[in-house]
Amino acid sequence: MYLRVTDGTTTVNLVGGPFYRTKYVPTPPKPDSLEYSPGAQADGGEVASVTRPHVTETCELAVVQTTGDNLAGSLHQLETLLLGAWEYTNKKGGSRVYVEFAAEDDDDVYRSELLWGFVSPGVDTLSTWCAASAEVTVTWRRRFYWEGPETELSLSNSHGSGTGGVTVYNHYDSSNDNWVD
């Protein structure tokens, strides 16, 4: 499994040292009530408008470090990313923060923008802090969709075809195309 939080500069891996994911299941968005209206369910029925609410999820983690200070530093790094997500969402400052996920190591990695999040310590955190370990629950709200790997499309016009781009002009005449197929 592949699970991490990143802003493109700082990355916190939630699977494998010092964070060990104990429970995380991606949650699908709740469907809109319009999808289940009688008219939409009938043959030829249409759904006029569908909206998806953002998704709130939790991820349970065990955090293991060599000292209590290192443990605090690791948690602080994760909390800083989650605060950065809130700051980007509400103030448009900083960078977007994403949760990235793949079910298996060889699967494509998908990402979803985080809107906010926080870390909650477990009930035994104070008793285990001296042993440089803690159980925490990370709660975050993300966009309702996952972005997958990008795929380059093949384009063509009279200047060529294929991937890598073709020349497109801002006017159209006998030797300049302002279109692509």
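All values below come from the heavy atoms of this structure, side chains included, with hydrogens, waters and symmetry mates left out.
- The aromatic rings of F101 and Y24 sit perpendicular, their planes meeting at an angle over 60°, well past the 30° parallel limit.
- The main-chain N or O of W179 is found under 3.5 Å from a side-chain atom of N157 such that the two form a donor-acceptor pair.
- One distance of note links CD of E135 with CG of L61; it measures 10.0 Å at 0.5 Å rounding.
- Placement of F144 and W140 in two distinct hydrophobic clusters is found when ILVMFWY residues are connected by side-chain heavy-atom separations under 4.5 Å, directly or transitively.
- Heavy-atom minimum distance, S156 versus S161: CB-CB, 3.3 Å.
- Remark: the backbone N or O of L115 is paired with a side-chain donor or acceptor of T89 at under 3.5 angstrom.
- The shortest heavy-atom contact between A85 and L114 is CB-O, 3.5 Å.
- In the hydrophobic cluster analysis, where Ile, Leu, Val, Met, Phe, Trp and Tyr join through side-chain heavy atoms closer than 4.5 angstrom, Y145 is grouped together with V55.
- T137 approaches E60 most closely through the heavy-atom pair OG1-CG, 4.0 Å.
- Each salt bridge (Lys or Arg N to Asp or Glu O under 4.0 Å) pair with one or both residues in residues 5-14, not counting sequence neighbours, would appear here, but there are none.
- To the nearest 0.5 angstrom, W116 atom CH2 is 10.0 Å from L82 atom CG.
- With S112 contributing its side chain and R143 its backbone, the two residues share a donor-acceptor pair below 3.5 Å.
- To the nearest 0.5 angstrom, R142 atom CZ is 13.5 Å from R111 atom CZ.
- For Y110, there are no side chain to side chain donor-acceptor pair (under 3.5 Å) partners two or more places apart in sequence or in a different chain.
- Side-chain atoms of E152 come within 3.5 Å of backbone N or O of G164 as a donor-acceptor pair.
- Separation of atoms OH (Y2) and CZ (R21) is listed at 14.5 Å; rounding is to 0.5 Å.
- With sequence neighbours left out, the side-chain contact (heavy atoms from CB on, under 4.5 Å) criterion links V12 to L14, F19, Q77, L78, L81.
- Nearest heavy-atom pair, P18 versus S74, reported as atom, atom and distance to 0.1 Å: CG-OG, 3.5 Å.
- T10 has its side chain out of reach of T80: every pair of non-hydrogen atoms, C-beta onward, lies at least 4.5 Å apart.
- In this structure, L83 is not a member of the same hydrophobic cluster as V99, with clusters built from ILVMFWY side-chain heavy atoms closer than 4.5 Å.
- No more than 12 heavy atoms of other residues, nucleotides or ligands shown are found within 6.0 angstrom of NZ on K23.
- Looking only at side-chain heavy atoms (C-beta outward), V97 and Y88 stay at 4.5 Å or farther from each other.
- Judged by distance alone, the side chain of E57 and the main-chain N or O of T27 form a donor-acceptor pair under 3.5 Å.
- The heavy-atom pair separating L71 from A134 by the smallest distance is CD2-CB, 4.1 Å.
- In this structure, V138 and V5 have side chains that are not in contact, with every pair of non-hydrogen atoms separated by 4.5 Å or more.
- The side-chain heavy atoms of C59 and L3, taken from C-beta on, include a pair separated by under 4.5 Å.
- The backbone N or O of Y98 lies less than 3.5 Å from no partner atom in the side chain of T6, so there is not a single donor-acceptor pair.
- Contact record, H159 with T167: CD2-O, 3.6 Å, taken as the closest heavy-atom pair.
- Contact check for H171 versus N178: no side-chain heavy atoms found under the 4.5 Å cut-off.
- Residue L75 is not grouped with residue W86 when hydrophobic side chains (ILVMFWY) are merged at heavy-atom distances under 4.5 angstrom, including chains of intermediate members.
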